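Worksheet: the structure to be examined is printed underneath.
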Amino acid sequence: MNLFSEIRDLVLDALAQMQDEGALPADLSFDNVTVEPPRDPAHGDMATNAAMVLAKPAGRKPREIAEALAGKLGADARITSAEVAGPGFLNLRLAASVWQGIVGTILERGTDYGRSEMGRGKRVNVEYVSTNPTGPVHVGHTRGAVFGDTLASLLDYAGYEVTREYYINDGGAQVDVLARSVYLRYLEAHGREVAFEDGTYPGDYLVPVGQALKDKVGDAYVGKGEEVWLDEVRALATDAMMDLIREDLSLLGVRMDRFFSEKSLYGTGKIEAAIKDLDDKGLIYRGTLEPPKGKTPEDWEPREQTLFRSTAHGDDVDRPIMKSDGSWTYFAPDIAYHYDKISRGYDLLIDVFGADHGGYVKRMKAAVSALSDGNVPLDIKLTQLVKLWKNGEPFKMSKRAGTFVTLRDVVEQVGPDVTRFVMLTRKNDAPLDFDFDKVLEQSRENPVFYVQYAHARVMSVLRKAGDGGIDTGDATLAGADLSVLAHEAELALARKLAEWPRLVEIAARSNEPHRVALYLYELAGEFHALWNRGNDDPSLRFLQDGDAATSQAKIALARSVAVVISAGLDILGVKPAQEMR
RNA sequence: GCACCUGUAGCUCAGCUGGAUAGAGCGCUGCCCUCCGAAGGCAGAGGCCAUAGGUUCGAAUCCUAUCAGGUGCGCCA
């Protein structure tokens, strides 16, 4: 359904014909031949670089090849002109009926119009959020949550079979700290004075957990050492925190397919099995690391450790997997976790980390490369910081000052739709400004509003048409005589709609969901532009008084814009607006 | 010191994984609503794509070096 790949196939057929006729060598590779929209619309609807790419290997001049190719393509009914331009571009113009046909296709296929077969038969695992289960989801994790969730939806739309996964870090020291914090709240529930020291978590959200513990065990643990209660309190506390986190995520519309517990890797032989796999490959050894140059820690002492030879798979230094007391470092269960993911048969793994974990990327890729013998690619996407603004100034967060901003705080103020969309208006690895005032503003400056407004306008047109007795069912609209959509402004909008399936594939290939948000903004821009033309030129309005047939064709165009916006917003996890208030 | 990310208009950022004369929003300048689709619209000015080399038909995009900012760097996850 991707018009661009259809035309590319047409170009490749023509090239193959030229091979048969001896005009091109038989052993030519066409991999680099592209068909894409030219930056300048004056150059036509599509341009192919075929002649330039093939000139050298074919030993012919680019313009010669282009001329011959133009002759062949001109025979196709869809192509109205094929002109050689510049250094050897072949600029193609497509018949208006092709663009009008796009509208019909959209109305027939609905929001599936942009679905791709690109990922057919491929399974991908997207791991995201994965915050420590020690408290509510912090605003800093919101971007990763939205990014990961949207990426998963995008890949699904592109035909992949997607698993959304959350890795619960419930195996390390921080859940012990959590347990001790809950214990303090438990003592408090029994009327004791407590002090939150040693880095314990003072947040109010643990008060009910302490109370719950009291309700469950009474005063059984009061005055007892932690060897008595730690295990139980830890389990109770992490369960409570995961409930809290799930709740927070659901506020944003984020739902996981699977939660994977780090703890489940301990005492089950899973870590040992993963390390053994590396050991069998000769990648585990005892050794001593060099201190980092230029920044030797004060207390540096050479120490012999069990190391993973990650340098054999692209890392800069080998990494320790075991502490000197014989327990695992945090890296070991991470290796085992990814070993587990690989063994579940995924064709592609994606991890979404915060940018502060950037130093972790190479070793994780090295581990996956080693464990899968280079067969399972791991793509790690880092999400940069979000800077919050309020009343025109940076909004400082501080636990001490009590301005600890959570995901919930943000969502309750601006809503899930705005939160999600805004988080995706920037590339994942670029910092993002989140301005509480601007994201709610109703102006062109605010992309959320701008896109929603476009959709609402279409809905408004449909309502008005319905009031006027015009049938606006998609099936009826698809059957309208679309050839009346002949004005350049209308065709421009149809061309933009034709880009949608291609955009989906590009975004999915590069794992960049923000492209969807940007595309929707552009599409909305084209739509509003056409709408505005209707101010000066009544013949461009969607509703034509007394002419139901023409109205239906124009409504069909508007409706197909709404369909594509809906499809795009659905990927972003945003509900389209029916009307603006 | 090393690694990764970033550097594009006055500001905030896109730039379709190498294409033609590098785009958008805001801001700036000038026009456009007694009424019909102005929670705006049209037009214009504004760029050595951090710098210097290299690869090639062709580079903001790829490679190398340099500069600037951010992040990270052995028993914290």
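Lettering of chains follows the sequences in order, A, B, ..., and the numbering in each one begins at 1. Just so you know, these numbers use all the heavy atoms, side chains as well, and skip hydrogens, waters and symmetry mates. These figures come from a predicted structure and were not determined experimentally.
Stem analysis of RNA chain B (at least three stacked-register Watson-Crick or G-U pairs, each with both distances under 3.5 Å) gives B:1-7 with B:67-73, B:10-13 with B:23-26, B:28-32 with B:40-44, B:50-54 with B:62-66.
With its glycosidic angle more than 90° from 0, B:rC36 is assigned anti.
At a cut-off of 3.5 angstrom, the base of B:rA39 holds at least one donor-acceptor pair with the side chain of A:Y453.
A distance-only check finds a donor-acceptor pair linking the side chain of A:N49 to the backbone of A:T34 [under 3.5 Å].
In this structure, A:Y360 does not count as stacked on the base of B:rG72 under the 5.5 Å centre distance and 30° plane angle limits. The aromatic ring of A:H43 sits over the base of B:rA20, with ring centres less than 5.5 Å apart and planes inclined by under 30°.
Taking the C1' atoms as reference points, B:rA14 lies 33 Å from B:rC73, given to the whole Å. Rounded to whole Å, the P atom of B:rG41 lies 13 Å from the corresponding atom of B:rA24.
Between A:Q174 and A:L382, the residue whose closest nucleotide on RNA chain B is further toward the 5' end is A:L382.
Distances shown here put a side-chain N or O of A:K362 below 4.0 Å from the OP1 or OP2 atom of B:rC4.
Among the protein residues, A:N91 comes within range of the nucleic acid bases, having at least one heavy atom under 4.0 Å from a base atom. The residue A:H528 sits apart from the nucleic acid: no heavy atom pair falls under 4.0 Å.
The side chain of A:N532 approaches B:rG41 more closely than any other nucleotide in the set B:rU56, B:rG41, B:rA39. Closest to the side chain of A:Y330, out of B:rC75, B:rC16, B:rC4, is B:rC75.
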